Amino acid sequence: MPGDLVLEVRDLKTSFQLHKQDYRVLHGVSFEVARHETLCVVGESGCGKSVMTLSIMGLLPENATVQAQSIRLDGQELTALSPRQMNKVRGRKMGMIFQEPMTCLNPLLTIGRQMTEGLKLHLGLGKEEARRVALETLKQVGVSNPEERLRQYPFQLSGGLRQRVMIAMVLSLNPRLLIADEPTTALDVTIQKQVLLLLRQLKHQLDAGVLFITHDLGVVAEIADRVIVLYAGVKVEEGGVRQIFEQPAHPYTIGLLAAVPNIKSEGYTLSPIPGTPPNIAQAIEGCRFHPRCGRATDICREQAPALRALAPGHSAACHHLEVRP
Ligand code: SF4
């Protein structure tokens, strides 16, 4: 793993109370993000990816309970912080980029006002300095006519430009961790490529790590250094991006890869994974993937498999892993 760690998560468990019943969504997930690396979290919708990031950021609703042995951001333990202290950490040390920039941009304020307010509040900059940093960051992320953009309102920008502005707003605060939750899903393919390229370039310029959430393996191939695969709230595989793509070990990872269209191969056949991830009310004994797994045997239905190391940096949780030479 490159560099030192900016995020360390140990045994993260998140539950929701619905109709006086507790339902667990994350079942003890652990991982790290190092400085200058992009860790992609993949899995189908409903596997707990977004709940995981919202748990780390402390942004879940009141009916959620987040427990963890430890969540350390840049050496600071977050589990002991009050909501007010978390608010400060979120603005300053964690930057968030969401799928829809309009969820973060205020439609009633100009881009300039929104960018400079954040810089004044979190970094204590004066008006002129905040404007200078805002302009510089807009240029850094490739926004054309930055002076004019500062005077514009979000509705006057295209979707791709709004996403760049949101990235600029986050970067201007120089966060230690950048959390990107499906940031390119709502963009068309050309703009998506540009934003991914931008994030790849920025990773090397920033003194930060990137936690990138996506269901799209094409995006993972373009941007990830390492990957964790989440299924029904459990980490089922972890490895370097080449290990995951070239030597996937867990049947769920293999299934995800087989379901990716490959227009380069003539006569390819799509093989979607049968069934859907369980909903939170569904209790499953043993391996949580067994109802959908073609390799399942009795032990799979009885015992949850532990993660096993396959190679340095590569591990998977399955009772029937094929041991590689
Ligand atoms: Fe499939 Fe069994 Fe492995 Fe689970 S433990 S992924 S059910 S083979």
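Just so it is clear, the model here is predicted, and its values are computed rather than measured. Whatever order the structure lists them in is the order used to number ligands and atoms, beginning at 1.
Taking backbone and side chain together, C300 holds no N, O or S atom under 2.8 Å from atom 3 (Fe) of ligand 1.
Between S15 and T65, the side chains place no donor N or O within less than 3.5 Å of an acceptor N or O (distance only, hydrogens not considered). A donor and an acceptor atom, one from each side chain of S315 and E237, are nowhere located under 3.5 Å apart.
Those atoms of ligand 1 that come under 4.0 Å of a heavy atom in C287, given as number and element, are 4 (Fe), 5 (S), 6 (S), 7 (S). Short contacts between ligand 1 and C293, defined as distances under 4.0 Å to a heavy atom of the residue, involve ligand atoms 1 (Fe), 6 (S), 7 (S), 8 (S). Interface atoms of ligand 1 facing H250, defined by a heavy-atom separation under 4.0 Å, are 6 (S).
Between E117 and K127, no side-chain nitrogen of the basic residue sits less than 4.0 Å from a carboxylate oxygen of the acidic one, so the salt-bridge criterion is not met. Salt bridge absent: E136 and R131 never bring a charged side-chain N and a carboxylate O closer than 4.0 Å.
Contact check for F212 versus I179: no side-chain heavy atoms found under the 4.5 Å cut-off. A heavy-atom distance below 4.5 Å is not found between the side chains of S30 and L12.
Taking atom 3 (Fe) of ligand 1 as the reference point, the nearest protein heavy-atom neighbour is C318 SG, 2.3 Å. Among protein heavy atoms, the minimum distance from atom 5 (S) of ligand 1 is reached at H319 N, 3.3 Å.
If you look at P251 next to ligand 1, the close heavy atoms, those under 4.0 Å, all belong to the side chain.
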